[in-house]
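Just below is one structure, and these are the notes that go with it.
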Amino acid sequence: MNPTQPTQFWTEADSSSSCDVLVIGSGAGGAPTAALLAEAGFDVIVVEEGKWVEQGSVAPFSLEQMDQQYRSGGVTVALGLPSIAYTEGRCAGGGTEVNSGLYRRPPGEVIERWRDRWQINELDPDSLLSIATEVEQAIHVTPLPGPASKPSELLRRGAESLGWQFDESPRWMKYPNNDVRQGQRQSMTRTYLPRAAQSGARILTNCRVNKLHMKNTSATSAEVTLGTGKTARISFKYVFVCGGAIQTPAILQRSGLHKNIGNSLAVHPTVKLAARFSEAINIPDDVPVHQVKEFAPDLSFGGSASHAGLMALALLDQWSQFGSAIEQWRNMAIYYAAITSVGRGRVISVPGLKDPIVTYRLTRRDRELLRSGLSRLSLLMLEAGATEVFPSFRDAPIVRGRNDLTQLQNSFNAMKASVMSVHLCSTVAMGENRALCGADSFGKIHDTHNVYVNDASLLPDAPGVNPQASVMAIAIRNIRHFISHEKRNV
Ligand SMILES: Cc1cc2nc3c(=O)[nH]c(=O)nc-3n(C[C@H](O)[C@H](O)[C@H](O)COP(=O)(O)OP(=O)(O)OC[C@H]3O[C@@H](n4cnc5c(N)ncnc54)[C@H](O)[C@@H]3O)c2cc1C
């Protein structure tokens with residue numbers, strides 16, 4: 001078997017199947033869950049709503065990629081004042097196939113906060129970080145083998161000039177011939193999903209779980225819709241819901257599970273700007289690896305994908321003033337300011353609607369942090385040598401020097417900005433604090449017998465760093481606990 005291809009075991013004639021463990025979703029949480037279970041001898045079926053798309057078969061950040069690997073073509077929004085645009089991967093491997101691959105360990109103080117406030121049993125920083133070390137080997141986390149791209153070096157230059165802390169984020173990449181331009185992302189379709197398949201897990205792509213059938217406090221089967229539109233049923237002894245922080249609570253709510261499910265969405269909201277330099281610096285198909293951490297964890301700065309289409313989007317809020325700059329997009333790059341928000345959002349499944357309604361409420365403190373973040377990011381870009389900075393909000397001024405920063409500060413209003421997020425978590429917080437948590441200390445939904453969550457939903461709040469490492473380390477911790485306790489029962 002080609003280890004990079006799933007076993008498509010389902011035929012049109014099948015209307016039911018069964019397994020020990022059903023894993024819903026194949027992203028950063030679902031893929032290691034399936035691999036470790038299969039390797040421990042469990043009979044596993046993985047159901048993934050999206051298709052299996054080989055890495056490299058679609059151009060990064062292209063419309064084709066949006067169509068094939070993102071939910072709703074990448075156009076999804078959390079309603080609020082302001083609304084926050086967010087994106088979710090929808091393909092085998094989930095978000096790990098489309099993300100930037102920037103790796104950050106969960107900070108020790110964050111793990112301690114989660115343990116203490118949410119009352120998570122047996123969560124200790126040392127053992128979680130030793131799992132993180134394993135993850136780093138499994139997905140090949142490494143620094144760049146050569147110099148960083150120009151947009152990345154500009155971040156570094158700006159930070160150095162201001163005396164601000166910065167570092168290079170390693171990535172889950174392999175670099176054939178040590179060529180920084182040939183990086184191959186070590187996503188789940190390259191790592192944990194082939195491992196799961198090699199140990200006998202059956203991976204069914206292009207298949208959506210609609211809901212779980214509950215009998216008292218146990219789930220007995222899942223209703224699924226195959227790619228053909230046909231409905232079928234998969235029965236199981238245990239189910240792990242790993243659909244990501246938006247879809248997991250929606251699946252649980254559709255199944256009748258509501259207590260502390262979906263009412264505590266946490267994200268890292270970002271605002272952005274486009275910076276123009278006097279020479280060509282744009283790298284259309286990659287993102288900077290440097291991040292500026294002077295004001296972390298509240299505020300971090302980094303670089304975004306910057307091809308011409310995304311550049312046009314970054315200028316769109318003030319197109320009448322900024323639009324002509326697009327002609328020089330090769331001299332430009334997009335940068336972001338990300339905040340650790342204390343606001344929260346909700347995921348609400350509505351009968352008859354396929355997708356849930358998502359809302360998010362930024363607090364006054366969050367909105368002020370976005371203002372100061374965009375202002376400081378503009379200063380950083382000026383120090384990096386930008387000739388002009390174009391902040392992404394309606395009525396924004398063009399910033400050409402430090403004197404323009406006051407006008408930026410005064411005219412900024414989060415309501416006028418394009419706020420977005422790709423880091424979504426915390427909709428089914430784990431722990432024994434029943435006032436806050438939907439799941440127990442190892443991801444089992446409270447008051448159920450066999451329904452588990454094992455994805456970004458479990459993180460009690462936003463970690464303040466890129467979250468995939470936290471999602472994977474917690475998922476592996478939980479699944480090991482499950483295996484050690486349940487192996488004898490199947
Ligand atoms: C554009 C982008 C850039 C990012 N950059 C970074 C980065 O650089 N570093 C970092 O650490 N993090 C990054 N992230 C975040 C990271 O990808 C996520 O934190 C991580 O993937 C979350 O894992 P998960 O398992 O919770 O969900 P996902 O990885 O999203 O996986 C969920 C899977 O479940 C499937 N699914 C959902 N509902 C159903 C259903 N009903 N039936 C069947 N299947 C279903 C989905 O199709 C999806 O494949 C980024 C995310 C995005 C979108």
Side-chain angles (χ1 to χ4, degrees), residues 22-34 45-53 60-61 65-66 69-71 74 76 86-106 135 139 141 169-173 185 187-189 192-193 203-212 222-225 234 240-252 254-255 267-268 270 287-289 291 302-305 338 349 354-356 420-428 453-459 462-463 465-472 474-475:
L22 176 68
V23 179
I24 303 170
S26 62
T33 299
I45 292 179
V46 181
V47 170
E48 167 54 54
E49 186 174 353
K51 296 180 185 148
W52 188 285
V53 182
F61 315 116
Q65 185 185 49
M66 292 288 177
Q69 293 188 291
Y70 284 81
R71 184 170 299 277
T76 29
Y86 65 87
T87 51
E88 294 171 271
R90 185 184 56 188
C91 55
T96 75
E97 307 298 315
V98 297
N99 68 24
S100 309
L102 300 170
Y103 180 90
R104 293 276 170 187
R105 288 180 148 212
V135 168
I139 63 174
V141 172
S169 178
R171 299 170 90 183
W172 41 92
M173 287 280 187
R185 191 189 290 107
S187 59
M188 294 304 110
T189 58
Y192 283 94
L193 287 177
I203 301 172
L204 184 62
T205 54
N206 206 12
C207 176
R208 171 184 162 96
V209 171
N210 301 322
K211 63 177 180 180
L212 307 175
E223 177 194 295
V224 301
T225 302
I234 301 175
F240 280 78
V241 188
C242 309
I246 304 296
Q247 303 307 319
T248 283
I251 294 167
L252 295 171
R254 291 199 294 268
S255 311
V267 307
H268 294 147
T270 62
V287 298
V289 291
Q291 293 181 331
S304 304
S349 171
K354 193 175 171 197
D355 290 317
M420 72 161 301
S421 183
V422 293
H423 297 164
L424 315 164
C425 46
S426 315
T427 45
V428 188
V453 168
N454 217 17
D455 63 11
S457 315
L458 292 181
L459 307 190
V465 295
N466 303 64
Q468 186 179 314
S470 306
V471 175
M472 294 186 72
I474 296 259

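Counting starts at 1 for both ligands and their atoms, following the listed order.
Contacts of Glu49 classified as side-chain hydrogen bond (donor to acceptor under 3.5 Å, both in side chains), with partners at least two apart in sequence or in another chain: Arg71, Arg208.
Among Ile24, Val23, Leu458, the one residue that satisfies the side-chain contact (heavy atoms from CB on, under 4.5 Å) test with Cys242 is Val23.
The closest donor-acceptor contact from the side chain of Asn466 to the backbone of Arg104 lies at 3.5 Å or more, if one exists at all. A donor-acceptor pair under 3.5 Å links the side-chain atoms of Glu97 to the main chain of Thr189, judged by distance alone. Formation of a donor-acceptor pair under 3.5 Å by the Thr427 side chain with backbone atoms of Ala245 is found in this model.
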Output block, N or O contacts of ligand 1, threshold 3.5 Å exclusive:
residue: ligand 1; atom: 5 (N); partner: Ser100; partner atom: N; Å: 3.3
residue: ligand 1; atom: 8 (O); partner: Gly101; partner atom: N; Å: 3.3
residue: ligand 1; atom: 8 (O); partner: Leu102; partner atom: N; Å: 3.0
residue: ligand 1; atom: 9 (N); partner: Leu102; partner atom: O; Å: 2.8
residue: ligand 1; atom: 11 (O); partner: Leu102; partner atom: O; Å: 3.4
residue: ligand 1; atom: 11 (O); partner: Pro467; partner atom: N; Å: 3.3
residue: ligand 1; atom: 11 (O); partner: Gln468; partner atom: N; Å: 2.7
residue: ligand 1; atom: 17 (O); partner: Asn99; partner atom: ND2; Å: 2.9
residue: ligand 1; atom: 25 (O); partner: Ala28; partner atom: N; Å: 3.3
residue: ligand 1; atom: 25 (O); partner: Gly29; partner atom: N; Å: 2.8
residue: ligand 1; atom: 26 (O); partner: Ala456; partner atom: N; Å: 2.9
residue: ligand 1; atom: 29 (O); partner: Ala28; partner atom: N; Å: 3.4
residue: ligand 1; atom: 29 (O); partner: Gly95; partner atom: N; Å: 3.0
residue: ligand 1; atom: 41 (N); partner: Val209; partner atom: O; Å: 3.0
residue: ligand 1; atom: 42 (N); partner: Val209; partner atom: N; Å: 2.9
residue: ligand 1; atom: 44 (N); partner: Glu49; partner atom: N; Å: 3.0
residue: ligand 1; atom: 47 (O); partner: Glu48; partner atom: OE2; Å: 2.6
residue: ligand 1; atom: 49 (O); partner: Glu48; partner atom: OE1; Å: 2.7
residue: ligand 1; atom: 49 (O); partner: Glu48; partner atom: OE2; Å: 3.1
residue: ligand 1; atom: 49 (O); partner: Cys91; partner atom: O; Å: 3.0
residue: ligand 1; atom: 49 (O); partner: Gly94; partner atom: N; Å: 3.4

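Residue Met472 holds its CE atom at 4.5 Å from CD1 of Ile139, rounded to the nearest 0.5 Å.
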